[in-house]
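Structure record follows, encoded as structure tokens.
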Amino acid sequence: MFTAFLIKYAEIGVKGKNRYIFEEALVQQIKYAVRRCDGEFKVSRTQGRIYVEALTRFDFDEVVDNLKKVFGISGICPVVYAEDRGFEALGEELVRYIGEVYPETEKSFKVNARRARKNYPLTSMEINCKAGELLLDAYPKMKVDVHRPDILLHIEIREKIYIYSETIPGPGGMPVGTGGKAMLLLSGGIDSPVAGYMIAKRGVKIDAVYFHAPPYTSERAKQKVVDLARIVSRYTGPIYLHVINFTDIQLYIYEKCPHEELTIIMRRYMMRIAEHIAKETECLGLITGESIGQVASQTMHSLAATNEVCTMPVYRPLIGFDKMEIVAVSEKIDTYETSIQPFEDCCTIFVAKHPVTKPNLNIIRRHEQNLQEKMDELVETALKTEELIIVSQ
Ligand code: ATP
Ligand code: MG
């Protein structure tokens, strides 16, 4: 029955020129979302409204499911289009609409007509009254309630006539592309995909970097990261995933530095390299999945030591989250099942039995001096040999 969707979005803070940018980005993201659905669609913007119109047969649930992943959408209203064949025909359409959408008809309703095309022979008030009467005749158990109706039936008179009453909640947030770009440090764990999702929800486009350490981490571990990026890309649009071979750097740290400081020093090199790529790709910040106190490398002291090597802002959207709260989001966005697949990540292999939890910056810096001889070259090689994977749906 439905052939289109009216897209609602929060308009707060989107005025003037920003509004245009917001709507344009939203249309782009909607097009990206429906492109992976069966059928053909037209996405259009008219008079401050965005419509997704099906040009062919389509799967209603599939389209709704994909639109629910587009940040910036606050509500999705399934719409019935009717040709304008006079009020009598419209009345029949309304009766059929209510009968199909609300099979049990003991509900209260209110008609809310809006005449965008002023040459329509009836005024909005007249449409409200006449449509109300028709529906009461057809469904005697229904009643009108203008204050708190169960059903708010919208009728919009444009070239065609649009009928809708249901609003499916969207994800909220801002359309990706309205807020610059950031570089996500994406591992195969539970946290970093969630962190990327959360920053993208604020309108930020995401690139990602993964530190791969073959043969200590397998091809399968890398594939898992690609799979996670693909799931996140349902929300963010295509992700440029930079895969950095980290093995030699890790082995060199392992050889030259105290093992209880390994994780911290390794994390510092990850941040340095990520920042380097971020700068080259016009990212304005880094994103990690860190949360205070989760592991030894995420105490306040450790975070300070990790942070010290970056000049770019580092966004840590999970910083105050408990693991349970992170898991809840990861289940919601569908990354959880992939994240818990048991493939080693490079941190777990080189992890010390008793890692420092209160690293002393001066001591860390001093031990990094041990790396002077070869580190610059190793980092340069790692950057030069990066593999770029463009991940999208
Ligand atoms: P996650 O679940 O995201 O892997 P974690 O709890 O395992 O997080 P750590 O391993 O300490 O935590 O990593 C902290 C953060 O550092 C991660 O959230 C991620 O942003 C980044 N990170 C860790 N390992 C890698 C890696 N191999 N490649 C890219 N980023 C990484
Ligand atoms: Mg991890």
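If you read the sequence from its start, that first residue is 1, and numbering goes on from there. What's counted below: heavy atoms across the whole structure, side chains too, no hydrogens, waters or symmetry copies. In listed order, ligands and their atoms are each counted from 1.
- Minimum interatomic distance between Lys8 and Cys77 (heavy atoms only, all atoms of both residues): CE-SG, 3.7 Å.
- At most 12 heavy atoms of other shown residues, nucleotides or ligands fall within 6.0 angstrom of atom CE in Met125.
- The shortest N or O to N or O distance between Leu185 and ligand 1 is below 3.5 Å.
- Atom 23 (C) of ligand 1 has its nearest heavy-atom neighbour, among Arg316, His242, Gln294, Arg267, in Arg267.
- The shortest N or O to N or O distance between Thr288 and ligand 1 is not below 3.5 Å.
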Decide side chain to side chain donor-acceptor pair (under 3.5 Å) for His212 and Asn245; before the verdict, give the C-alpha distance in whole Å, the side-chain angles of both, and the deciding distance to 0.1 Å.
CA-CA 5 Å; His212 186 40; Asn245 188 324; over 6 Å; no

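- In this structure, Phe41 has its ring center at least 6.0 angstrom away from the ring center of Tyr51.
- Put simply, the side chain of Lys181 gets close to the backbone of Thr281: a donor and an acceptor are under 3.5 Å apart.
- At least one N/O-N/O distance between Phe211 and ligand 1 falls below 3.5 Å.
- Within the 4.0 Å heavy-atom criterion, neither part of Leu184 lies near ligand 1.
- Ionic pairing of Arg115 and Glu156 is not present here: no N-O contact between side-chain nitrogen and carboxylate oxygen is shorter than 4.0 angstrom.
- Near Ser297, meaning under 4.0 Å from any of its heavy atoms, are these atoms of ligand 1: 11 (O).
- Of all the atoms in ligand 1, the ones that sit under 4.0 Å from a non-hydrogen atom of Gly189 are 1 (P), 2 (O), 4 (O).
- Relative to the six-membered ring of Tyr269, Arg267 misses at least one condition, a distance below 6.0 Å or an angle of at most 45° to the axis.
- His259 has its ring centre less than 6.0 Å from the ring centre of Tyr254.
- Within ligand 1, counting atoms from 1 as listed, the ones closer than 4.0 Å to a heavy atom of Val209 are 29 (C).
- A tilted orientation is assigned to the rings of Phe5 and Phe60, their planes being inclined by 30° to 60°.
- Checked against a 3.5 angstrom limit, the closest N/O atoms of Pro193 and ligand 1 fall outside it.
- Geometrically, ligand 1 and Tyr210 share no nitrogen or oxygen pair separated by less than 3.5 Å.
- Distances from ligand 1 to the non-hydrogen atoms of His212 include no value under 4.0 Å.
- Those atoms of ligand 1 with a heavy atom of Ile190 less than 4.0 angstrom away are 2 (O).
- Of the polar atoms of Gly289, at least one N or O is found under 3.5 Å from an N or O of ligand 1, judged by distance alone.
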Name each donor-acceptor pair under 3.5 Å that joins a side chain in residues 130-139 to protein atoms two or more places apart or in another chain, with its distance.
residue: Tyr139; atom: OH; partner: Val95; partner atom: O; Å: 2.6
residue: Tyr139; atom: OH; partner: Gly99; partner atom: N; Å: 3.1

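- With a heavy-atom cut-off of 4.0 Å, Ser192 touches ligand 1 through backbone and side chain alike.
- Proximity of Leu186 to ligand 1, defined as any heavy-atom pair under 4.0 Å, is confined to the backbone N, CA, C and O atoms.
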